Structure formats: C-alpha cells, structure tokens
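From a predicted model like this one, the values you see are computed outputs, not experimental measurements.
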Amino acid sequence: MIRDTSSTSHSRDHQPTVVPRGTSTILEWAMLDHLMDLHFGFLEVGKDELKDPPTMDGLDDLAQHISATFKRTLPALRNPSKWLRANFKHVVQDQEFMAFQEKEKEKPRGPEVEKKSPNKMSGYSTMTLRFWQAYARFILALSQAFRVTKLPVLSAPLKRISR
C-alpha cells in the first residue's frame with residue numbers, strides 16, 4: 001500500500017475544523033441516551049424476572065428464592081443505578097429536548113420549539129419518557145415481589161458477591 005503524501009489533509013498547517021453550534025448538546029444527549037438504553041435493558045430483564053414473584057413462605061435465605069437470571073441482573077443494575085443517583089439533576093434537565101431544539105434550529109422553517117412546562121419532561125423526549133416509565137415499572141414490580149413487611153430482618157450487613 002502506498003500512502004499519498006501530497007494530500008493536504010495530513011499537513012500540520014491545516015485550519016481547525018469549525019464545530020457547529022449546539023454540537024456538544026447533541027453529543028451529550030447521544031451519550032446519555034446510550035447509558036439510558038443500557039439501563040433500560042437491565043430494567044426490562046429485571047421486570048420480566050419479577051413477573052413470577054418468589055414465594056416468601058418459610059423464608060430462610062432470600063437468595064434461594066430468586067432466579068439465577070435475576071441474581072445476575074441485580075449486580076448489573078447496581079452501577080447504572082449509582083450513576084443515575086449521582087447524576088440525577090443532570091438527567092432530569094431534559095437533555096433530549098435540548099438536543100431536539102438544537103437540531104430544529106438547523107432547519108430553516110418556523111419558530112423555535114418551546115416546552116409547555118419547564119418543570120416537566122417534554123413530549124418530544126420520547127426516549128427519556130420511555131426510560132422513566134420502565135424505571136417506574138421495575139420499582140413497582142420489585143416492591144410487589146418483595147414486600148417490606150415480609151422481608152427478613154438483617155442481623156448483619158449484606159455481603160457483596162465478588163467474582
């Protein structure tokens with residue numbers, strides 16, 4: 001293979017590329033969307049595993065009543081849940097709508113798109129709304145499968161499973 005050295009694309013005196021305004025907002029949304037999609041997948045697996053709740057009768061060891069798939073899903077949910085808790089204020093700023101606004105500004109038509117209520121997720125934020133609905137369904141399924149009144153009293157802190 002022969003490299004074409006006459007090309008100006010490899011020279012060191014090239015002009016910096018101009019990044020369009022709003023690109024960082026769109027990229028930030030794309031990364032957040034990816035993280036929420038991953039978390040969404042784990043939430044859906046967990047919710048599906050909780051469709052048949054474990055029997056809580058004669059409960060000696062809760063781990064014996066949880067499916068193997070759910071046992072593997074719980075540690076996978078741990079890191080995204082920690083990230084979500086740490087970045088909650090950022091996530092609820094409706095990054096999807098801000099990215100949508102930036103994309104709409106590039107189009108030559110009509111007025112700017114505005115939110116109806118600044119304190120709510122926009123109807124344009126379909127992926128964000130889908131994530132929060134899945135999150136709510138998982139928490140509901142979890143609370144129905146493991147009622148607080150039926151959970152065993154812990155005599156010691158839970159041990160973390162190391163691999």
TODO: Scan side-chain atoms only and decide if S125 and D94 contain a donor-acceptor pair under the 3.5 Å cut-off.
DONE: yes
Hey, what do you get for [atom1] ([X]) to [atom2] ([Y]), rounding to the nearest 0.5 Å?
{"X": "L43", "Y": "S81", "atom1": "CG", "atom2": "OG", "result": "7.0 Å"}
{"X": "Q101", "Y": "W29", "atom1": "CD", "atom2": "CH2", "result": "13.5 Å"}
{"X": "E104", "Y": "E102", "atom1": "CD", "atom2": "CD", "result": "11.0 Å"}
{"X": "D48", "Y": "F138", "atom1": "CG", "atom2": "CZ", "result": "11.0 Å"}
{"X": "K82", "Y": "L77", "atom1": "NZ", "atom2": "CG", "result": "13.0 Å"}

So if you build clusters from Ile, Leu, Val, Met, Phe, Trp, Tyr with side-chain heavy-atom gaps below 4.5 Å, do [X] and [Y] land together?
{"X": "W132", "Y": "I139", "answer": "yes"}
{"X": "M127", "Y": "F88", "answer": "yes"}
{"X": "F131", "Y": "V92", "answer": "yes"}

Taking all heavy atoms of [X] and all of [Y], pick out the closest pair and write down the distance.
{"X": "L50", "Y": "A145", "answer": "CD2-CB, 3.7 Å"}
{"X": "A76", "Y": "P80", "answer": "O-CD, 3.0 Å"}
{"X": "Y135", "Y": "L84", "answer": "CE1-CD2, 3.8 Å"}
{"X": "M121", "Y": "V91", "answer": "CE-O, 3.9 Å"}

Task: E28: partners by side-chain contact (heavy atoms from CB on, under 4.5 Å), with sequence neighbours left out - done: H90, Q95
Task: Partners passing side-chain contact (heavy atoms from CB on, under 4.5 Å) against T126 (at least two apart in sequence or in another chain) - done: E96
Open item on the list: Can a donor-acceptor pair be found, under 3.5 Å and without considering hydrogens, that links the side chain of S67 to the backbone of F70?
Closed with: yes
Listing, residues 32-42 side-chain donor-acceptor contacts under 3.5 Å, not counting sequence neighbours, or none:
unit_1 : atom_1 : unit_2 : atom_2 : d
D37    : OD1    : R130   : NH2    : 2.6

